[in-house]
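Throughout, numbering of the chain's residues begins at 1 and tracks the sequence.
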Amino acid sequence: MPQKGRCKMLNDVKVIICGKEYRIKTAESPNYVFSLARALEAKINEITTTSGLSPYTASIMVALSLLDDLNKANQRLDNIRDQTKEYVDEAGRTRIERDAAQKEIEVLKSKITQLENMVKLKQLKDSI
């Protein structure tokens, strides 16, 4: 989130995709935008050469494919978030169980010490 009073500098990037020029204002680096444009053009060209579709139709097909990829990636991300939340919740429950077990161990150690002292006292009484 931009800080108050600060604007991120926008780059004016010109790319050519399938022979048509596009000007893009973006906060991304020009090299990044160029690489995206090259990848997009490669996908469009792959479809036009293998299927004979127009660049426009191929662009629609690429867009649908990329949206499909994005939706599936978001679903995987949501699954990972859910799984991580489950792990964190389980770790919290385990920590609570561990703390309770440690308290019980301390109580049992105290009882053992009391019983040992009682045995020693009984032995001392028996020896007198």
Side-chain angles (χ1 to χ4, degrees):
M1 185 177 233
Q3 293 180 0
K4 214 175 202 181
R6 288 189 180 180
C7 290
K8 191 160 184 176
M9 183 80 166
L10 292 180
N11 296 311
D12 187 19
V13 182
K14 178 180 84 169
V15 295
I16 298 174
I17 302 171
C18 298
K20 184 162 168 102
E21 181 179 301
Y22 299 91
R23 290 194 169 276
I24 302 167
K25 287 203 178 287
T26 179
E28 301 297 340
S29 75
N31 286 339
Y32 177 72
V33 176
F34 293 144
S35 69
L36 291 177
R38 282 191 303 272
L40 177 59
E41 185 171 36
K43 288 180 179 289
I44 292 169
N45 287 337
E46 180 183 332
I47 292 174
T48 57
T49 57
T50 59
S51 66
L53 295 173
S54 72
Y56 174 79
T57 303
S59 298
I60 299 298
M61 301 303 291
V62 169
L64 285 172
S65 175
L66 292 174
L67 281 173
D68 179 48
D69 291 347
L70 176 62
N71 284 335
K72 288 177 181 172
N74 282 333
Q75 287 173 350
R76 286 190 301 271
L77 183 59
D78 287 343
N79 289 340
I80 290 169
R81 283 185 183 128
D82 291 344
Q83 193 174 28
T84 301
K85 184 185 179 317
E86 288 175 20
Y87 291 154
V88 169
D89 291 347
E90 179 64 26
R93 286 190 296 275
T94 302
R95 189 176 307 114
I96 290 169
E97 290 171 5
R98 181 207 61 202
D99 291 347
Q102 286 176 333
K103 286 179 185 175
E104 187 174 345
I105 288 170
E106 292 303 315
V107 167
L108 291 173
K109 282 180 179 179
S110 176
K111 285 182 180 180
I112 289 171
T113 302
Q114 286 176 351
L115 289 171
E116 287 173 340
N117 288 338
M118 287 174 66
V119 167
K120 287 178 186 175
L121 187 58
K122 180 159 177 34
Q123 288 173 346
L124 186 59
K125 281 182 181 179
D126 289 345
S127 69
I128 294 182

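Of the inter-residue distances, the one linking S65 atom OG with K43 atom NZ reads 6.0 Å to the nearest 0.5 angstrom. Taking CD of E41 as the reference point, atom CD1 of I44 lies at 7.0 Å (rounded to 0.5 Å). A distance of 10.5 Å separates CG of N74 from CG of L67, quoted to the nearest 0.5 Å. I24 CD1 to L10 CG: the interatomic distance, rounded to the nearest 0.5 Å, is 12.0 Å. From L53, atom CG reaches atom CE of M61 across 7.0 Å, with rounding to the nearest 0.5 Å.
Within a 6.0 Å radius of CD in Q102, more than 12 heavy atoms belonging to other residues, nucleotides or ligands are found. Within 6.0 Å of atom CZ in R98, more than 12 heavy atoms from other residues, nucleotides or ligands are found, so the atom counts as buried in its surroundings. The neighbour count for Y56 OH, taken as heavy atoms of other residues, nucleotides or ligands under 6.0 Å away, does not exceed 12.
Listed here is the closest heavy atom pair of T48 and A58: CG2-CB, 3.6 Å.
Side-chain atoms of N45 and P55, non-hydrogen and from C-beta on, never get closer than 4.5 Å to each other. With a 4.5 Å cut-off on side-chain heavy atoms, V13 and E28 do not count as touching.
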Side chains of residues 106-124: which donor-acceptor partners sit under 3.5 Å, not counting sequence neighbours?
from : atom 1 : to   : atom 2 : distance (Å)
T113 : OG1    : K109 : O      : 3.0
N117 : ND2    : T113 : O      : 3.3

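Taking the charged nitrogens against the carboxylate oxygens, K72 and D68 do have a contact shorter than 4.0 Å, which makes a salt bridge.
Put simply, the residue from E90, K85, Q83 that forms a side-chain hydrogen bond (donor to acceptor under 3.5 Å, both in side chains) with Y87 is Q83.
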task: Starting from the C-alpha separation in whole Å, work towards a yes-or-no answer on side chain to side chain contact (heavy atoms under 4.5 Å, CB included) for D78 and R81.
output: CA-CA 5 Å; D78 287 343; R81 283 185 183 128; 3.4 Å; yes
- request: Given side chain to side chain contact (heavy atoms under 4.5 Å, CB included), test E21 with V15 step by step and report yes or no.
  value: CA-CA 6 Å; E21 181 179 301; V15 295; over 6 Å; no
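Connection of L40 to V33 is established within a shared hydrophobic cluster, with ILVMFWY side chains joined at heavy-atom distances below 4.5 Å, either directly or through further cluster members. No path of Ile, Leu, Val, Met, Phe, Trp and Tyr side chains, each step under 4.5 Å between heavy atoms, connects I16 with V62, placing them in separate hydrophobic clusters. Residues I60 and L66 do not share a hydrophobic cluster, clusters being chains of Ile/Leu/Val/Met/Phe/Trp/Tyr side chains in contact below 4.5 Å.
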